[in-house]
Participant: 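First the structure, which I've put down as structure tokens, then a few questions once you've had a look.
Remember, predicted model here, so these are calculated numbers, not experimental data.
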Amino acid sequence: MAHRLRSLFHFSPSLWTTPNGSNSLEKRHNNNLQLASRLGEVVRDRELYKQLLECQGNDAQTILDTIQVFVNLRHQLLDDPVLDAELRPSLIVAAQRLAKKSKLYPDCYELKKVILDNPHPITAGGFADIFKGKFEGQPVALKAIRIYQNTEIEHFLKVLSSS
């Protein structure tokens, strides 16, 4: 990752957690505005945006996770609807493009700690298998999309990124 882009994404996870202390809400709000400013700078600056889309590996993963947290928690992070209305759509598009180029996705997209009742699907459709399992003690149905060839992977990513 280029130095300027790296410096924009070098921050502490405390930017989106509640710090302890007497001025914690004010500090958190200031940190969130700083993060919004950094993200906005990247999506508005053509050269930084190109650098963002060229990221791979851990750098791409860090950026994808950061954007996803920001998009998910934007109402808690920002108190500025104008900034949110301008920034959020640009960040979503940037994350989709980076995910496609890096072949990565935000960590929160992966469902972890799932316990399958049976390693074999209970039913199957044209594109997916359905499994029965448990997640956090609750019964769940899990849909696992089947992908057989690279062309199907590219088609699936295209469909996923357009929705």
Side-chain angles (χ1 to χ4, degrees), residues 1 5-6 8-20 28 31-32 35-36 38-40 42-43 49-81 83-163:
M1 187 183 325
L5 185 63
R6 183 181 301 277
L8 289 172
F9 280 95
H10 180 73
F11 53 85
S12 162
S14 66
L15 286 173
W16 51 74
T17 59
T18 307
N20 295 324
R28 184 172 129 194
N31 285 342
N32 296 336
L35 175 59
R38 289 174 180 179
L39 292 170
V42 171
V43 296
Y49 194 76
K50 280 183 188 178
Q51 291 174 22
L52 175 115
L53 295 181
E54 295 301 319
C55 289
Q56 295 290 318
N58 289 337
D59 289 337
Q61 190 66 60
T62 297
I63 293 168
L64 287 167
D65 291 340
T66 300
I67 290 172
Q68 189 64 42
V69 166
F70 187 82
V71 167
N72 286 350
L73 301 178
R74 71 190 188 284
H75 296 300
Q76 297 165 6
L77 296 175
L78 295 176
D79 219 5
D80 185 343
L83 180 61
D84 181 48
E86 294 172 359
L87 187 55
R88 186 172 186 267
S90 299
L91 289 175
I92 291 170
V93 170
Q96 289 172 334
R97 289 179 176 165
L98 179 58
K100 184 175 182 178
K101 287 191 87 169
S102 67
K103 295 183 175 40
L104 296 170
Y105 52 88
D107 278 338
C108 67
Y109 283 18
E110 185 177 342
L111 192 57
K112 298 173 181 158
K113 299 182 183 175
V114 173
I115 301 168
L116 293 179
D117 292 348
N118 188 327
H120 304 289
I122 57 173
T123 189
F127 296 100
D129 296 323
I130 309 297
F131 295 85
K132 185 177 176 186
K134 287 193 173 53
F135 178 69
E136 296 182 353
Q138 297 293 317
V140 294
L142 301 160
K143 186 174 193 175
I145 298 170
R146 271 186 263 116
I147 300 176
Y148 296 109
Q149 299 174 353
N150 286 347
T151 56
E152 288 181 3
I153 292 171
E154 293 299 321
H155 174 70
F156 175 70
L157 290 173
K158 185 181 283 187
V159 169
L160 186 64
S161 68
S162 66
S163 56

Participant: Identify the two heavy atoms, one from Tyr49 and one from Val43, that lie closest to each other, and give their separation to 0.1 Å.
Facilitator: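 That closest heavy-atom pairing would be CD1-CA, 3.9 Å.
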
Participant: So does Lys112 have more than 12 non-hydrogen atoms from other groups sitting under 6.0 Å from NZ?
Facilitator: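 Yes.
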
Participant: State the CD1-CG distance between Ile63 and Asn58, to the nearest 0.5 angstrom.
Facilitator: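 If we round to the nearest 0.5 Å, Ile63:CD1 and Asn58:CG are 11.0 Å apart.
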
Participant: Enumerate, atom names and distances included, each donor-acceptor pair closer than 3.5 Å involving a side-chain atom of residues 115-132, sequence neighbours excluded.
Facilitator:
unit_1 : atom_1 : unit_2 : atom_2 : d
Asn118 : OD1    : His120 : N      : 2.9
Asp129 : OD1    : Arg146 : NE     : 2.9
Asp129 : OD1    : Arg146 : NH2    : 3.1
Asp129 : OD2    : Arg146 : NE     : 3.3

Participant: Atom CD in Gln61, atom CG in Leu98: separation rounded to 0.5 Å?
Facilitator: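 Between Gln61 CD and Leu98 CG, I get 9.0 Å after rounding to 0.5 Å.
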
Participant: What heavy-atom pair brings Asp107 and Asp65 nearest, and what distance separates the two atoms?
Facilitator: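 Scanning both residues completely, I find the closest heavy atoms to be N-OD1, 2.8 Å.
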
Participant: Taking all non-hydrogen atoms of both residues, which atom of Lys101 and which atom of Gln56 are closest, and how far apart?
Facilitator: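 Distance-wise, the nearest heavy atoms are O-NE2, 3.4 Å.
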
Participant: So, for Ala99 and Leu64, which heavy atoms are closest and what is the spacing to 0.1 Å?
Facilitator: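 Closest approach of Ala99 to Leu64, heavy atoms only: N-CD2, 4.0 Å.
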
Participant: Where do Leu104 and Gly57 come nearest, in terms of heavy atoms and distance?
Facilitator: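 Between these two residues, the closest heavy atoms are CD1-O, 3.4 Å.
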
Participant: Grab the two heavy atoms, one from Ser102 and one from Cys55, that are nearest each other, plus how far apart they are.
Facilitator: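 Closest heavy-atom pair between Ser102 and Cys55: CB-O, 3.8 Å.
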
Participant: Does any non-hydrogen side-chain atom of Tyr105 lie less than 4.5 Å from one of Gln68?
Facilitator: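 Contact flag for Gln68/Tyr105 side chains = no.
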
Participant: About how many Å separate NZ of Lys100 and CG of Leu53, when rounded to the nearest 0.5 Å?
Facilitator: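 Here the rounded value is 11.5 Å.
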
